[in-house]
2 protein chains.
Amino acid sequence: MANIQQIAKKAGVSVATVSRVLNNATLVSPKTRSKVEEAIKELNYEPSMLGRNLRNSESRLILVLLPSISNPFYTEIINGIQNTAIASDYNILLCETDSKPERENIYFNMVKNKLADGVISMDPTVNMQKLNELAEKHPVILCSEYEKGGSIPYVTVDSELAAYQAVKHLIRLGNERIALISSDEKFLYARQRREGYERALREFQLPIRKEWIYHTKALDFQHGVHAMRMLLQLEEKPTAVFAVSDTLAIGALKAINMYANTEEQIAVVGFDNISFSSMTNPTLTTVSQPMYDMGKIAAEMLLSRLKGEKVENIVLEHELIIRESTIG
Amino acid sequence: MANIQQIAKKAGVSVATVSRVLNNATLVSPKTRSKVEEAIKELNYEPSMLGRNLRNSESRLILVLLPSISNPFYTEIINGIQNTAIASDYNILLCETDSKPERENIYFNMVKNKLADGVISMDPTVNMQKLNELAEKHPVILCSEYEKGGSIPYVTVDSELAAYQAVKHLIRLGNERIALISSDEKFLYARQRREGYERALREFQLPIRKEWIYHTKALDFQHGVHAMRMLLQLEEKPTAVFAVSDTLAIGALKAINMYANTEEQIAVVGFDNISFSSMTNPTLTTVSQPMYDMGKIAAEMLLSRLKGEKVENIVLEHELIIRESTIG
DNA sequence: CTCCTAAATGTAATCGATTACATTTATTAT
DNA sequence: ATAATAAATGTAATCGATTACATTTAGGAG
């Protein structure tokens, strides 16, 4: 790979002039410019990002942290981020932390070291203290999961309200024994969705029973299956379930299919509206988050921060998508 | 962020000594070493990857190209790659090309520019000519999709054989009218799976009818639904379907559920054994690829190439997982 | 105490770009 | 034709590390 010196030599000019051509400065004569461009073409030259970044302390790379790419929830968000970033000549790097702090560290270092210009974190398991430290010196945006009262700007939805509405929907259908399949409450979204669930129950004077609240260790299908199976073994079984994620809800549907008596109709509501949720049988009622927009806005916020602008937190609208799993 | 000069000054030594401490060279006296280490701790210093990479032309970063993260097929492969890479002190960057050549270019440039040390490509839409050019100067491994007779090392499964076995399974169940839902035949895996499909049919003297071969434009659920819907509108409907990907197969199951008469039992076989495939109703019979191992081996091959070693192509074993969708 | 050798440390070039400032060349006005 | 100005180009420092080579220091032998 040729470097700028070789181009300069070949074109018979100085490296400064080559650099000017590269960055379309105006003070290059057309003649010189074309000489340089020819040399670039001939030697098949592409400027080194390393040299450039080192000098400019800018990489035009954005890190996107997520716990795991296996949850389809992130897919559309990433599309939103990516399209927006690319339109502004930035690229994104997907960083799967697998909820492991060591990996997180490596990615944080990339930012500190100017290998990346900023971070969008969607990882609920992120070390908030470290992220806050990073955010003091570098642009950071939280997407979906956020820190209440924290200083890092975020874009999210109102999880409490969405959960409240989802559970109210179940109540209106006549359900009085409504279970919650949630994840670890160290995550804000899990706490908020439980609060919404409880608010709806309280409003209708329905009991909040802790044996109907099941906490899973992870969000994949299998954990949903297992949670539902546990709920089905209770002497007083719930007639409806609200799960904090579609993956759990789909697992619950599966468990109902496999283990429940066919005459028991158990209604299920999920959260996220992942693409698979309309492929299940029955199709899944769920809370739709504007995932693409969330990603887009997160990217826009980060781009603003990169320009040194202040940004406001944003809470986007959600929507309850009613499908077969609550109709029967 | 402090730099090496500041550490040197603080510790009262030269930058060379600091660098030696950083890279645990042996020729540093214990006294000096601890002075330097203290300065590093005090100033909270972390060496700049940019400076280091520029000098060493090494980044210890591996690029993983994939067309889209929305296909769960890639999830486990990525885990395999990532765990292997991290064990050797490499990190991976996930690059979603969205099948767009511009994006591909950016990522190729990262490699040319030493921002990344090598590439594992899982993208069937990759520009093979450009990838081959890149592979002349940089380590590149193909994972899953590969180039027959090409010079880039690959790890994959025997798609033709797997498809042949899958279709034979359908034939043994008594199906004589077997459809194929495939994707664009510009992809090698699609061609190979069609060949396997045809070989099985020929072997049992069953007709190969082109109205039973449907090519989709993409691999998502919706395209599977649409394909199956088209097949159900034929006057002579197939009694079984082999789809080249689980996502398509799951869409097909959905379409059968929605549009087929309940008395028609249409058997379905997919390919990949994604985690969803055991959540559907009926559960999906499918070809299981050793995805984690494939990723692991791809990473190991790349690490070997990075050390300058030669590597051999590897074809891994697959397995037909029989579930409800071919039992009824 | 001196000399020699080995160990420890320092100096300065290097990687590949950008850019402030200096210098040369071209253009315009008088 | 000459001075003044504008445009084009060049020179060299810089970003933050590594490392060959040079130099200093320490330790041991005589």
Side-chain angles (χ1 to χ4, degrees), chain A residues 1-40 43-61 109-117 137-138, chain B residues 1-40 43-61 109-117 137-138:
Chain A
M1 194 68 184
N3 64 15
I4 198 170
Q5 327 279 348
Q6 294 169 278
I7 301 299
K9 198 159 147 198
K10 177 126 201 159
V13 298
S14 73
V15 292
T17 302
V18 177
S19 179
R20 286 187 192 107
V21 171
L22 253 29
N23 300 282
N24 351 276
T26 45
L27 343 72
V28 182
S29 74
K31 243 186 305 174
T32 315
R33 162 163 272 128
S34 63
K35 261 195 307 182
V36 172
E37 278 166 351
E38 200 169 326
I40 288 176
L43 294 185
N44 200 15
Y45 164 76
E46 317 223 24
S48 153
M49 291 175 162
L50 277 178
R52 182 174 277 178
N53 295 353
L54 178 59
R55 177 60 214 234
N56 291 352
S57 4
E58 179 193 66
S59 63
R60 300 199 82 83
L61 244 34
N109 278 346
M110 286 185 66
V111 180
K112 289 190 198 153
N113 293 332
K114 308 289 177 62
L115 271 190
D117 293 344
K137 308 218 172 186
H138 303 274
Chain B
M1 195 68 185
N3 63 16
I4 199 172
Q5 326 281 347
Q6 293 169 278
I7 301 300
K9 198 160 146 197
K10 177 126 201 159
V13 299
S14 72
V15 291
T17 302
V18 178
S19 179
R20 286 187 192 105
V21 171
L22 254 28
N23 300 282
N24 353 275
T26 45
L27 343 71
V28 183
S29 74
K31 242 187 306 174
T32 316
R33 162 164 273 126
S34 64
K35 263 196 305 182
V36 171
E37 278 165 352
E38 199 169 328
I40 288 176
L43 295 185
N44 200 16
Y45 164 76
E46 315 224 25
S48 154
M49 292 174 160
L50 278 178
R52 182 174 279 178
N53 295 352
L54 177 59
R55 178 58 215 236
N56 291 351
S57 3
E58 178 192 68
S59 63
R60 301 198 82 82
L61 245 32
N109 278 345
M110 286 184 65
V111 179
K112 289 190 199 157
N113 293 332
K114 308 288 177 61
L115 270 191
D117 294 345
K137 307 220 173 187
H138 304 273

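One interatomic measurement links the two molecules: CG of A:Asn3 to P of C:dG16, which rounds to 5 Å at whole-angstrom precision. Rounded to whole Å, atom C1' of D:dT19 lies 14 Å from atom CG of B:Leu22. One atom, NZ of A:Lys112, and another, P of D:dG16, lie 16 Å apart when rounded to the nearest Å. Straight-line distance from the CD atom of B:Gln5 to the C1' atom of D:dA17: 9 Å, rounded to whole Å. Between A:Lys9 atom NZ and D:dG10 atom C1' the separation is 17 Å, expressed in whole Å. Following rounding to the nearest Å, A:Lys114 (NZ) and D:dG16 (C1') show an atom-to-atom distance of 10 Å. Going from atom CD1 of A:Ile40 over to atom P of C:dA17 covers 10 Å, rounded to whole Å. Regarding B:Asn109, its CG atom lies at a distance of 15 Å from the C1' atom of C:dA17, rounded to whole Å.
Listed in residue order, the members of residues 45-54 of chain A having a heavy atom less than 4.0 Å from DNA chain D are A:Leu54. For the contact set between residues 11-21 of chain A and DNA chain D, defined by any heavy atom under 4.0 Å, the members are A:Gly12, A:Val13, A:Ser14, A:Val15, A:Ala16, A:Thr17, A:Arg20.
The side chain of B:Asn56 lies closest to D:dT19, out of D:dT19, D:dT9, C:dG16. Set against C:dA8, D:dA17, C:dG16, the side chain of A:Ile4 has C:dG16 as its closest nucleotide.
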Going through the distances and angles, do A:Gln5 and A:Val18 end up as a side-chain contact (heavy atoms from CB on, under 4.5 Å)?
-> CA-CA 9 Å; A:Gln5 327 279 348; A:Val18 177; over 6 Å; no
Pair B:Ser59-B:Asp117, side-chain hydrogen bond (donor to acceptor under 3.5 Å, both in side chains): steps then yes or no | CA-CA 6 Å; B:Ser59 63; B:Asp117 294 345; 3.0 Å; yes
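No engagement by B:Asn113 is indicated, since no non-hydrogen atom pair under 4.0 Å with the nucleic acid exists.
Contacts of B:Arg52 classified as salt bridge (charged side-chain N to carboxylate O under 4.0 Å, His left out), with partners at least two apart in sequence or in another chain: none. By the side chain to side chain contact (heavy atoms under 4.5 Å, CB included) test, B:Ser14 pairs with B:Ala16, B:Thr17, sequence neighbours left out. Looking at residues two or more places apart in sequence or on another chain, you find a side chain to side chain contact (heavy atoms under 4.5 Å, CB included) between A:Leu54 and B:Leu50, B:Leu54. With sequence neighbours excluded, no residue forms a salt bridge (charged side-chain N to carboxylate O under 4.0 Å, His left out) with B:Lys35.
Contact detail for B:Asn3 and B:Tyr45: the closest heavy-atom pair is C-CE1, 3.6 Å. The two atoms that bring B:His138 and B:Lys112 nearest to each other are NE2-CA, 3.8 Å, heavy atoms only.
Between A:Arg55 and B:Arg33, the one whose closest nucleotide on DNA chain C sits nearer the 5' end is B:Arg33.
The environment of NZ in A:Lys10 is sparse: at most 12 heavy-atom neighbours from other residues, nucleotides or ligands sit within 6.0 Å.
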